[in-house]
**Q** 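The structure under discussion is supplied below as structure tokens; questions concerning it will follow.
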Amino acid sequence: MQNVPQTKREAPNILVTGTPGVGKSTLCQRLSELTGLQWLEISKIAKENDCLEEYDQVYQCPVLDEDKLMDGLEETMCRGGNIVDYHSCEFFPERWFDVVFVLRADNTTLYDRLVSRGYAGKKLEDNVDCEIFQTILEEAVASYKEDIIHQLYSRTPEELQDNVNRICLWLQQWFQDNQT
Ligand SMILES: Nc1ncnc2c1ncn2[C@@H]1O[C@H](COP(=O)(O)OP(=O)(O)O)[C@@H](O)[C@H]1O
């Protein structure tokens, strides 16, 4: 699949990734409403399309059938115009994305958000550690060219708005640079 020839996309594909609770869905929903790009919530799509294998008891989350999911998304991603929202990023084909935003939050903010989502015990601890150790940022750096990766803090409504504005500007520039 990695060798599929790259055809020009009509609109870019954006990846929004980061630890659960950093604000991906909130940002993606807002962006999708503003720009008309399609918001792809990978967790939801995997569930709806039977792309979940077994349940990981240690990490208390379902395990993705990544190959099945990738095959199902290939056509949509080749067309372009998608905002992909997922808490991991290493298994997507690199060629799918024009830009990668890694959302961040501070530990206290993230802890409070995850507690109010009902996370507790190991699951809560692991997710806060994931943010402390910048696991998803490192995953992104290992998987995509560094010049397309942007780290954005999303701790407050003001930061959310700044991020939306920044991504909209990026998008405008992409359309200017890719006019046919
Ligand atoms: N920039 C922000 N400022 C304040 N609250 C936020 C911000 N971004 C997200 N939130 C809140 O944090 C919680 C988790 O956000 P969500 O978008 O569901 O995160 P994720 O999709 O990364 O798991 C939600 O209650 C949301 O309203």
Side-chain angles (χ1 to χ4, degrees), residues 12-49 51-52 55-56 58-64 66 69-70 73 76-77 81-92 96-144 148-171:
N13 288 321
I14 297 174
L15 174 60
V16 177
T17 189
T19 310
V22 286
K24 299 181 295 297
S25 307
T26 309
L27 174 73
C28 290
Q29 183 175 15
R30 182 87 63 95
L31 270 178
S32 175
E33 286 164 2
L34 273 173
T35 62
L37 296 184
Q38 180 173 219
W39 171 27
L40 301 179
E41 280 184 272
I42 296 300
S43 303
K44 200 166 144 196
I45 291 170
K47 208 169 178 180
E48 287 168 357
N49 293 279
C51 297
L52 299 177
Y55 193 80
D56 188 318
V58 178
Y59 293 103
Q60 295 180 36
C61 64
V63 177
L64 270 189
E66 294 168 4
L69 181 75
M70 300 301 99
L73 285 173
T76 303
M77 294 304 292
N82 302 291
I83 308 170
V84 171
D85 164 2
Y86 197 52
H87 59 263
S88 173
C89 60
E90 64 190 351
F91 59 86
F92 298 119
W96 274 6
F97 298 106
D98 299 281
V99 69
V100 176
F101 294 101
V102 182
L103 292 201
R104 305 296 310 274
D106 60 72
N107 313 336
T108 320
T109 307
L110 185 66
Y111 182 93
D112 292 346
R113 287 181 190 171
L114 293 177
V115 168
S116 47
R117 191 182 268 186
Y119 283 25
K122 181 167 168 48
K123 188 169 184 171
L124 175 61
E125 216 177 279
D126 284 348
N127 280 290
V128 173
D129 281 353
C130 176
E131 189 57 15
I132 293 171
F133 294 115
Q134 312 197 107
T135 309
I136 310 299
L137 179 64
E138 282 180 15
E139 225 183 77
V141 169
S143 310
Y144 302 93
I148 71 159
I149 302 171
H150 305 270
Q151 194 179 182
L152 301 175
Y153 275 86
S154 194
R155 294 163 292 200
T156 61
E158 292 73 27
E159 284 182 338
L160 171 64
Q161 190 54 51
D162 285 349
N163 295 338
V164 168
N165 294 344
R166 190 166 157 193
I167 297 173
C168 285
L169 281 175
W170 178 90
L171 204 52

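For ligands, and for the atoms within them, numbers begin at 1 and follow the listed sequence.
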**Q** Please say whether more than 12 non-hydrogen atoms of neighbouring residues, nucleotides or ligands are located less than 6.0 Å from OH in Y153.
**A** yes
**Q** Tell me, which pairs form a salt bridge (charged side-chain N to carboxylate O under 4.0 Å, His left out) where one or both residues lie in residues 27-44, sequence neighbours left out?
**A** E41-K44
**Q** Tell me the salt bridge (charged side-chain N to carboxylate O under 4.0 Å, His left out) pairs involving residues 101-115, sequence neighbours left out?
**A** R104-E131
**Q** Which protein residues come within less than 4.0 angstrom of ligand 1, counting heavy atoms only?
**A** T19, P20, G21, V22, G23, K24, S25, T26, R113, R117, S154, R155, T156, P157, L160
**Q** Using side-chain hydrogen bond (donor to acceptor under 3.5 Å, both in side chains) as the criterion, list what pairs up with T17, not counting sequence neighbours.
**A** none
**Q** Is the shortest heavy-atom distance from the side chain of T35 to the side chain of I167 under 4.5 Å?
**A** no
**Q** Quick check: do L40 and I45 have side-chain heavy atoms less than 4.5 Å from each other?
**A** yes
